[in-house]
Amino acid sequence: MARRSAQARHAARAGRWAEMSRRMVLILAVTCAVAVGNIYFPQAVSPLVAAGLGVSPDSAALVVTATQVGYAAGIFLLVPLGDRLPHRTFLVTLLALTGAGLLAAGCAPALAPLVAASVLVGVTTVAAQVVAPLAAGLVAADRRGAVMGTLLSGSIGGMLLARTFSGSLGDWLGWRAPYLVAAVLVLVLAAVLAFAVPVTTPPSRRPYPALLAESLRLLRTEPDLRRSCLYQATIFAGFSAVWTCLALLLAGPAYGLDAQAVGLLALVGGATMLCTPLAGRLVDRRGPDPVNLVCMLGVLVSAVVLAAGAAGGAPGLTALILGTLLLDVAMQSGMVANQARVLALRPDARSRLNTAYMTCAYLGGSAGSWLGVRAYGQAGWPGVCALVALLAALALARHLVVLFGRRPGPARQRIHHRAADPDPSRACSDDRAVADRPYGR
């Protein structure tokens with residue numbers, strides 16, 4: 001009788017989730033948009049920071065790098081707690097801390113305090129990486145790619161709007177205004193999530209040090225996790241190099257444009273919001289590997305197109321528009337494929353898997369920003385494009401080794417068949433203890 005009653009309660013909860021799934025996906029997509037936007041809007045205002053604080057453009061670019069380094073650290077240090085803490089409390093706390101960091105950045109009197117506040121913002125604005133495992137546990141495995149694509153569309157929208165908004169607002173009111181307005185938006189979202197996100201049962205009782213160690217162990221023991229990390233780290237490094245240096249190129253003698261131009265150019269990538277749900281559906285049908293292959297080739301082509309942007313004038317601007325659009329679509333669609341592959345490996349450890357994956361990805365992005373500025377200083381915009389091509393070639397070479405080295409047999413890439421049940425032999429004892437519990441209560 002008790003068992004039947006528990007099953008009935010679980011069925012009722014599942015029915016409620018089916019009814020409100022669209023609303024919840026929308027709320028979670030907005031959360032991703034706001035959180036991710038905090039990482040990218042400094043790219044558009046770094047020239048304004050340089051002018052406002054009286055520092056060189058290279059020094060002001062440290063704000064972008066600091067935010068990305070902090071983000072990688074936050075993914076590694078905080079995201080594993082998504083397997084240990086209730087998601088609602090965790091998300092609200094993270095957003096409140098992010099709001100405090102943005103307020104501190106907007107009031108920073110010099111570059112050093114601004115860089116320090118940027119690290120804090122990066123560390124705490126990891127809500128999107130907490131949302132992804134939460135959503136993966138609330139949808140059927142054969143819809144996971146589509147939902148991941150929708151959430152990534154939210155992240156892309158936040159990234160694009162943040163660049164445009166910050167560039168325009170910064171030109172109008174100065175570089176501090178984007179930070180202060182972003183702080184208000186984040187704090188308002190924290191209040192919304194305090195009521196909108198349901199209470200969930202964490203899938204693990206493991207202590208915090210064990211969760212951190214598990215992320216590293218998974219990186220060592222899961223080959224598909226390692227290659228997904230390599231793919232995204234290299235491609236995202238090239239992506240970050242382009243967008244970090246694009247403001248320098250447009251503000252330089254070849255174009256002589258202002259920070260608002262960077263934001264307007266970023267709007268071209270809005271087409272990516274339509275492409276990532278499609279990429280997610282392709283992953284659900286054909287698996288991640290074919291999508292990865294097309295995306296890597298797309299990044300290589302984008303590097304060639306972007307190189308023509310060094311010419312300046314209308315032809316150069318056209319090349320920049322087409323190249324950044326292709327780069328954005330390829331990078332974000334590859335993100336959908338890689339994340340779908342990773343989250344299917346261990347349903348009992350999705351936050352820890354996502355920690356390892358996203359830490360590697362954003363370490364790659366941070367390295368890409370740093371390398372891009374150095375390449376731009378040494379060889380100009382063509383040097384940045386050569387860096388993008390080299391990074392994409394490294395990822396493509398590794399992927400071809402996997403594709404040509406795979407033995408014939410049933411397609412392992414049909415990841416939704418793997419995702420139904422965790423491998424009991426690999427699950428931790430405390431995770432098995434809660435494996436049969438409903439995800440939400």
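Computed from a predicted model, the values in this text were never measured in an experiment.
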> Are Leu345 and Tyr357 close enough, and set up right, to give a side-chain contact (heavy atoms from CB on, under 4.5 Å), and what steps lead you there?
Replying inline: CA-CA 12 Å; Leu345 294 175; Tyr357 168 66; over 6 Å; no

> Any side-chain heavy atom of Leu326 within less than 4.5 Å of one from Leu322?
Replying inline: no

> Would you call Met358 and Gln232 a side-chain contact if the rule is heavy atoms closer than 4.5 Å?
Replying inline: no

>> Taking side-chain contact (heavy atoms from CB on, under 4.5 Å) as the definition, give me every residue that meets it alongside Val115, ordered by chain and number, with sequence neighbours left out.
In response: Leu62, Val63, Ala66, Leu111

> Quick one: are Gln339 and Asn354 in side-chain contact, heavy atoms under 4.5 Å?
Replying inline: yes

>> If the condition is side chain to side chain donor-acceptor pair (under 3.5 Å), which residues does Thr93 pass it with, not counting sequence neighbours?
In response: none

> Quick one: does Leu77's side chain get under 4.5 Å of Val123's, heavy atoms only?
Replying inline: no

> Are any of the side-chain heavy atoms of Arg352 and Arg84 separated by less than 4.5 Å?
Replying inline: no

>> Could you measure the distance from the CE atom of Met296 to the CZ atom of Arg398? Nearest 0.5 Å is fine.
In response: 9.5 Å

> Between Gly334 and Cys295, which heavy-atom pair has the shortest distance, and what is it?
Replying inline: N-SG, 3.3 Å

> Should Leu320 and Tyr255 count as side-chain neighbours, where that means a heavy-atom distance under 4.5 Å?
Replying inline: yes

> Do side-chain atoms of Trp381 reach the backbone of Leu306 as a donor and acceptor pair under 3.5 angstrom?
Replying inline: yes

>> With rounding to the nearest 0.5 angstrom, report the CZ to CG distance, Phe76 to Leu363.
In response: 10.0 Å

> With sequence neighbours left out, what residues match Val126 under side-chain contact (heavy atoms from CB on, under 4.5 Å)?
Replying inline: Tyr71, Ile75, Leu78, Val79, Leu94

>> Show every side chain to side chain donor-acceptor pair (under 3.5 Å) that has at least one partner inside residues 363-377, sequence neighbours left out.
In response: Gln68-Ser369, Thr244-Ser369

> Under 3.5 Å, side chain of Arg226 to main-chain N/O of Arg220, donor-acceptor pair present?
Replying inline: yes

>> As a quick check of understanding, evaluate side-chain contact (heavy atoms from CB on, under 4.5 Å) for Leu211 and Glu214, giving each step before the final call.
In response: CA-CA 5 Å; Leu211 292 176; Glu214 179 74 0; 5.5 Å; no

>> Going by side-chain contact (heavy atoms from CB on, under 4.5 Å), name the residues that satisfy it together with Ala367, two or more places apart in sequence or in a different chain.
In response: none

>> Can you list everything that forms a side chain to side chain donor-acceptor pair (under 3.5 Å) with Thr359? Sequence neighbours excluded, please.
In response: none

What donor-acceptor contacts under 3.5 angstrom involve side-chain atoms of residues 30-39, with partners at least two apart or in another chain?
residue : atom : partner : partner atom : Å
Thr31   : OG1  : Ile27   : O            : 3.0
Asn38   : ND2  : Val34   : O            : 3.3
Asn38   : ND2  : Thr125  : OG1          : 3.3

> With Leu371, which residues qualify under side-chain contact (heavy atoms from CB on, under 4.5 Å), at least two apart?
Replying inline: Leu387

> After noting the C-alpha distance and the side-chain angles of Leu219 and Cys360, does the key distance pass the side-chain contact (heavy atoms from CB on, under 4.5 Å) rule?
Replying inline: CA-CA 10 Å; Leu219 192 60; Cys360 292; 4.2 Å; yes

>> Can you pull out every ring-ring contact (aromatic ring centres under 6.0 Å, His included) where at least one residue sits in residues 273-314? Sequence neighbours excluded, please.
In response: none

> By side chain to side chain donor-acceptor pair (under 3.5 Å), which residues pair with Thr65, not counting sequence neighbours?
Replying inline: none

> Got Leu396 and Leu300 here, is their nearest side-chain heavy-atom distance under 4.5 Å?
Replying inline: yes

>> When you compare the side chain of Val299 with that of Leu327, does any pair of heavy atoms fall below 4.5 Å?
In response: yes

>> Thr98: which residues meet the side chain to side chain donor-acceptor pair (under 3.5 Å) condition with it, sequence neighbours left out?
In response: Thr124

Which atom pairs, donor and acceptor, lie under 3.5 Å between side-chain atoms of residues 233-242 and protein residues at least two apart or in another chain?
residue : atom : partner : partner atom : Å
Thr234  : OG1  : Leu230  : O            : 2.9
Thr234  : OG1  : Tyr231  : O            : 3.0
Ser240  : OG   : Phe236  : O            : 3.0

> Should Tyr179 and Val121 be marked as a side-chain contact (heavy atoms from CB on, under 4.5 Å) after you check the CA-CA gap, both sets of side-chain angles, and the distance that decides it?
Replying inline: CA-CA 10 Å; Tyr179 283 95; Val121 171; 5.8 Å; no

